[in-house]
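To keep things clear, I will list the structure first and then write my remarks on it.
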Number of protein chains: 2
Amino acid sequence: MSQPPRNGRAPSVKDVAAAAGVSLGTVSNVLNRPSVVSATTRERVERAMSELGFVRNESARQLRAGTSRALAYVMLDGGNPFFHDVAEGIETAAEAADLSLFVCNSNSRAEREAKHLDRLVQQRVQGILITPVDPDAPHLAEIARRGIPFVMVDRLSSAGDHCSVAVDDVLGGRIAVEHLLDRGHRRVAFVGGPASIGQVRERLQGAREVWTEFGMAEDDLINLPTDALTVSEGRSAGERLAGLPSRRRPTAAFCANDLLALGLLQHAVTAGLRVPDDLAIVGFDDIDFAAAAAVPLTSVRQPRQELGRTAARLVLDEATNPDHVHEQATFVPALVARASTGTVRR
Amino acid sequence: MSQPPRNGRAPSVKDVAAAAGVSLGTVSNVLNRPSVVSATTRERVERAMSELGFVRNESARQLRAGTSRALAYVMLDGGNPFFHDVAEGIETAAEAADLSLFVCNSNSRAEREAKHLDRLVQQRVQGILITPVDPDAPHLAEIARRGIPFVMVDRLSSAGDHCSVAVDDVLGGRIAVEHLLDRGHRRVAFVGGPASIGQVRERLQGAREVWTEFGMAEDDLINLPTDALTVSEGRSAGERLAGLPSRRRPTAAFCANDLLALGLLQHAVTAGLRVPDDLAIVGFDDIDFAAAAAVPLTSVRQPRQELGRTAARLVLDEATNPDHVHEQATFVPALVARASTGTVRR
DNA sequence: TCCAGGGGTTGAAATGTTTCATCAGCCTTG
DNA sequence: CAAGGCTGATGAAACATTTCAACCCCTGGA
């Protein structure tokens, strides 16, 4: 505790050993196998440590060990709270395994993602979790090929050369639209895009499946594509929706995520529409802000934390278990009905 | 690119040197001072690298260098987008300096914060940025004492033994309440707490200053304390507010942050109040969700990204400039008027 | 008295990179 | 032709930690 004479260099095990009058190996034993060293020397060493303000040098430890005591999660969009909740789940599991978690953010840009991955490989992290910009990008395969434990989050992998964790997005689309049909809506908009995002495609697919199963006319499910899954895109989708001729105008919208839904909600309220009476809205993800909206949003819940915890469990298994087999963990989404779809239409 | 015979161990400079038929030092030169090595050998070495799939081992590099190529930011509340925007600002600056950024989240828990700090010291990060749970906690002073570049974010330091970056919260409180007075409100609630949080105290102080300067009765500025700065606390403050006798009920509320304001807004809308006619609302921080609310929130903007960028600049200066002097950077908050305080009261 | 065994400690080796003084060759210049 | 300078490459040392075989000393048993 009392400060060491700050000679510029942080004290090392060698300094501690000298101060305690023991060998270097003994200090290391105190650190890593305290039981094998006698109580008196252990105490002496510990005193020396705290007197010098000794802190293990993690780089040296890592160098020796060959791998760092950390996992990493590269998330797709830091502005979307969904990914934070996933990260929180991962961190819980990492914490339990006494590992740190590097959180990176690619912001949907492939080159940032690649840069982060490069760094993480250099750091020799124990495992990488990622929600990728493009699940088929070659630099992802490269990671797995290197033998680094690797899990894809929020995206199922067809390739099967790594684990993945996701919810069933098709099912999510189905239950959203089923709910709207239940509520009596007969003309519904799907708001989401770009189609290059797999989740968007699958949620739309689920929506269409149910739509036709219920015998609805195909063009009463109106596709309102967006350029991104953001609040402002949701707003602009609202404008396009308002611009439709009234006999074509849907009475409800299913948005590919909650940010879109919040943007759409805002536009609707600003335009003087009543939600849900004039326009019902369903989101996806069930982020906290969905429940916190002025008109609380009905949303398709993903088990965000559990997604993260499971992903971490899988990556740790791959890292430690020689008999590891890759696994595609699928979760079942659930509809959380709130005021934004409150009433049954007459 | 073609995979190396995966013999379990990642290839090292030594392997590259052997493969290229040069010495170890030359490989290092190719990596760090490419100009000093001849074009032909450089090319040979580079080919060997890509053939073996060589990746620098960052731990070894760090060990040698004595410090890692990373900064760290320990944020207070991962659920509050405000801190993300700050982190983004930091990352921009870190990127420019070719450093990685560790993002940690203390979730307002002192022991998690301490744990993160321990780890970061062990990692020998170049500098630590933090929005602390308690700015006077001894473990913070300990960091600075160790000589690790250290900047406090969103909190000014009185001690002056380290840099800090924040906005003028008193001024922020002033402009919020000035705006409400301008709009004709004569009974205003302050929603925020706990008082242990310095920002809350100062924003309230600013509010009170203006209130008395305008000659208003002290008890027409009604304090509605909360247990945290969250959406759900905002909602419950709304309930308490609605429970006030009508002649005591304020016509406007100034919330200590946007999450509270969103919660309050939600309660108001649910309770059938019109915002801003029945209740005007001002938030603080101006997070993206404030502008995205069904009734867009008036808020006191903090320059979030710039806060981060400046903090990073300061920590880098402390890390590299021997003549560094600690600096308390203060930013001026600005009112962003939106619909939630839209009209002038008659 | 000698030996076996075990608890406790030691010293050296190994991890992968960077740096730096040194050196080999070669070219230029006087 | 000698001296000196330049370019490019080399090899060893250093960084802080962990591991492990070896060793010392003591005790208990034969």
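All figures in this text were calculated on a predicted structure; none of them were measured in a lab. Convention: sequence-line order gives letters A, B, ...; per-chain numbering from 1.
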Write down the atom of B:Ala329, the atom of B:Thr310, and the distance for their closest heavy-atom approach.
CB-CG2, 4.1 Å
Does B:Ile143 reach the side chain of B:Leu120, with side-chain heavy atoms less than 4.5 Å apart?
no
Would you mind classifying the nucleic acid contact of B:Ser59 as base, sugar-phosphate or nothing, using non-hydrogen atoms under 4.0 angstrom?
nothing
Would you call B:Glu95-A:Lys115 a salt bridge at under 4.0 Å N-O?
yes
Pairwise side chain to side chain donor-acceptor pair (under 3.5 Å) hits with a residue in residues 65-75 of chain A, at least two apart:
A:Tyr73-A:Thr131
Tell me which pairs pass salt bridge (Lys or Arg N to Asp or Glu O under 4.0 Å) where either residue lies in residues 14-37 of chain B, with sequence neighbours left out.
B:Arg9-B:Asp15
Validation row: A:Met49, A:Val45 side chains within 4.5 angstrom (heavy atoms)
yes
Hey, are the side chains of A:Leu71 and A:Val315 touching, using non-hydrogen atoms and a 4.5 Å cut-off?
yes
By ring-ring contact (aromatic ring centres under 6.0 Å, His included), A:His324 pairs with (sequence neighbours left out) A:His326
Do A:Glu88 and B:Asn107 come within less than 4.5 Å of each other through their side chains, counting heavy atoms only?
yes
Between the two ends of the helix from C:dT1-D:dA30 to C:dG30-D:dC1, what is the bend in degrees, rounded to 10 degrees, where each end axis spans five pairs?
60°
Closest non-hydrogen atom pair, B:Gly79 against B:Asp77
N-OD1, 2.8 Å
Can you give one letter per nucleotide of nucleotides 11-23 of chain C, going 5' to 3': B for a protein heavy atom under 4.0 Å from the base, S for sugar-phosphate only, - for none?
B-BBBBBBB----
Contact interval (first through last nucleotide) of DNA chain D with protein chain A, 4.0 Å heavy-atom:
D:dA16 to D:dT19
